[in-house]
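Computed from a prediction, not measured in an experiment: that's the story for all the values here. Order of appearance sets the numbers: ligands from 1, and atoms from 1 within every ligand.
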Amino acid sequence: MKDSWATFGIDLHLELGGPRRRKALEGALREAVADGRLPAGTRLPSSRSLAADLGLARNTVVEAYAQLTAEGWLAARHGSGTTVAQRPPLPPAAPGGGAPPAPGAERWAHSLRPGGPDLSSFPRTAWLAASRRAWSTAVDADLGYGDPRGTRQLREVLAGYLGRARGVRTEPSRLVICSGFTQAFGLLCSVLRAGGATAVALESHGLPELSRIASGAGLGVLSLPVDGEGADVAAIGGAEVAVLTPAHQFPLGTVLSPRRRHAALSWARQVGGLVVEDDYDGEFRYDREPLGALQGLDPDHVIYVGTASKSLAPGLRLAWLALPAHLVQPFSDAKLLADRHSSVFDQLALAELIASGAYDRHVRRQRLAYRRRRDRLVAALPAGRVDGISAGLHALVRLPSGMSEAVATAEAGAHGLYVEGLDSYRTGPAARPPALVIGYATPPEHAYGAALMVLQDVLALGAGP
Ligand SMILES: Cc1ncc(COP(=O)(O)O)c(C=O)c1O
C-alpha cells in the first residue's frame with residue numbers, strides 16, 4: 001500500500017506495509033532530498049520522534065539515517081543531529097558528452113540537412129494497411145521472443161526483393177534484421193574483432209560515427225582515399241575490412257568504377273578480407289538503372305547492408321544484412337546479446353508492405369520526386385557547381401572560390417537555412433576543396449523551393465560584387 005505521510009512539514013511517500021520498511025524510508029527520504037522538498041541544511045527529526053511519527057521501530061530510522069549518511073545524502077554531526085547534506089551541484093555535461101540534439105529538432109526556417117528522406121512523404125496509409133494485415137495474420141507465437149535474425153516473413157520477402165531490386169545473392173537464412181545500419185555496423189565490428197580482425201578502412205569521407213563505432217569495438221581505423229572512381233583499396237594497408245558505399249559514395253557522390261569494384265573484390269579474395277557494402281540509397285539512381293550491389297559478385301567476401309532509413313524513414317530503425325555463411329552464427333549471437341531481436345511488429349508490417357508491392361510503388365514515386373529536386377538544384381546553381389552522379393538524396397555543391405565552409409554555413413544560418421559543410425564528414429587527413437553536402441530530399445515538397453532560393457542567395461554572396 002502506498003501512503004503519503006505528512007511529517008516534519010513534508011510529504012513522504014512511503015510504502016510501509018511490507019517487510020522492507022527501512023528501504024521504503026530510505027527511498028522516500030532520498031527522493032525528498034533529490035527533488036528539493038528537503039533542501040540542504042534541513043534538520044531532520046530525531047530518530048525517536050520520526051519513528052513515533054511513522055509507527056516504525058526506532059532502529060529502522062537509525063539504520064536508514066546511517067545508510068543515507070554513508071551515501072552522502074545526510075550529514076550527522078555530534079550534538080546537532082542529522083541534517084540534509086550540502087551536495088555539490090551536478091557537474092556540467094562534458095563537451096560533446098551530453099545527448100546530441102536530435103537532427104531536425106532545431107527551429108530552422110529551412111533545412112537542407114543531408115541524410116534523410118522527405119518525412120512528409122512517408123506512406124502512412126500503406127503502412128497502416130500493412131500493419132493491419134500483419135496484425136490480422138500474426139499468430140500468438142509471433143508475439144513472443146523470436147529468431148535473433150528477425151522474422152521469417154521479413155527475411156523471406158527481403159531475400160526476394162534484394163535479389164530483384166539490388167542484385168543481392170542471398171537466402172533468408174543469411175539475412176539478419178537490425179536496428180539500422182548503425183547497429184549492424186557496431187555488431188559487425190565486435191564480431192570481426194572477436195574473429196581476429198585488427199583494423200577497418202573507411203572512405204576518406206563518410207558518416208562521422210563509423211570511426212567512433214569501430215574504435216569503440218577495439219578496431220584500428222585507416223582512411224581510404226576517394227577520387228572520381230570511388231575508394232581506392234590499393235591504399236588499404238593492414239586493414240582486414242573495408243567499408244564502402246559503392247552505389248553512391250557518401251557524401252562525395254561518386255560511384256565505384258568497374259575497375260575499383262574488381263580491385264576491391266581481388267583484394268578481399270587475396271587477403272581473406274571483407275568488404276562491408278553500405279547500400280544506404282542504392283534504389284535511388286536517376287540517370288540510368290541502379291547498379292547492382294557489389295555483393296552479387298562475391299557473396300562470400302562482401303557483407304551487404306541495406307536500410308529503410310532513406311527509402312522510408314530513419315525512425316523505423318530497420319536495416320538488413322546479407323552475410324557470408326561463416327558469419328551468420330556469430331552475428332546472430334551478437335544480435336541476441338544486444339537486444340534479442342528487433343521489434344517484430346515493424347518487421348511484419350515491412351514484410352507486408354514489400355509483399356503487397358506498396359514498397360516498390362513508394363520507392364518509384366520518391367525516385368521521381370527526388371530526381372526532380374536534384375534537377376532543380378542543378379538548374380538553380382551556376383554550371384558545374386553540383387558534383388557527383390545523379391543519384392541518392394544528397395549532392396555535393398562546391399563553394400565559389402574564396403568562400404569557406406564556415407562562412408557558407410554561417411551565412412546560410414543567418415538566413416534561417418541549415419546546411420552542412422563537407423569537412424564535417426572527413427574521416428581521414430585528406431581535406432577537399434570547400435563544399436556543402438546538400439540534402440535535397442529533406443524538406444517537404446512545399447518548402448523545397450524556398451530553401452533553394454536561400455541557398456542560391458548565400459552562394460551568390462561568394463561570387464563577389
Ligand atoms: C552513408 C550512410 N549509411 C547508412 C545510413 C543509415 O543509417 P541507419 O540505418 O542507422 O539509419 C546513413 C544515414 O544517414 C548514411 O548516410
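Using a 4.0 Å cut-off between charged side-chain N and carboxylate O, Glu283 and Arg367 make no salt bridge. Taking 4.0 Å as the cut-off between side-chain N and carboxylate O, Arg372 and Asp375 do not count as a salt-bridged pair.
The distance between the ring centers of His110 and Tyr418 does not fall below 6.0 angstrom. In summary, the aromatic rings of Tyr448 and Tyr440 are positioned with their centroids too far apart to meet the 6.0 Å limit.
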Could you pull out the N/O contacts under 3.5 angstrom between ligand 1 and the surrounding protein atoms?
| residue | atom | partner | partner atom | Å |
| --- | --- | --- | --- | --- |
| ligand 1 | 3 (N) | Asp278 | OD1 | 3.3 |
| ligand 1 | 3 (N) | Asp278 | OD2 | 2.5 |
| ligand 1 | 9 (O) | Phe181 | N | 2.6 |
| ligand 1 | 9 (O) | Thr307 | OG1 | 2.8 |
| ligand 1 | 9 (O) | Ser309 | OG | 3.3 |
| ligand 1 | 10 (O) | Phe181 | N | 3.1 |
| ligand 1 | 10 (O) | Thr182 | N | 3.0 |
| ligand 1 | 10 (O) | Thr182 | OG1 | 2.6 |
| ligand 1 | 10 (O) | Arg317 | NH2 | 2.8 |
| ligand 1 | 11 (O) | Ser309 | OG | 2.6 |
| ligand 1 | 11 (O) | Arg317 | NH1 | 2.9 |
| ligand 1 | 14 (O) | Lys310 | NZ | 2.8 |
| ligand 1 | 16 (O) | Lys310 | NZ | 3.4 |

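Aromatic ring pairs are classed by plane angle as parallel below 30°, tilted from 30° to 60° and perpendicular above 60°; the pair Phe284 and Tyr286 is tilted.
For the 3.5 Å distance criterion, the side chains of Lys310 and Gln366 fail to qualify, holding no donor opposite an acceptor.
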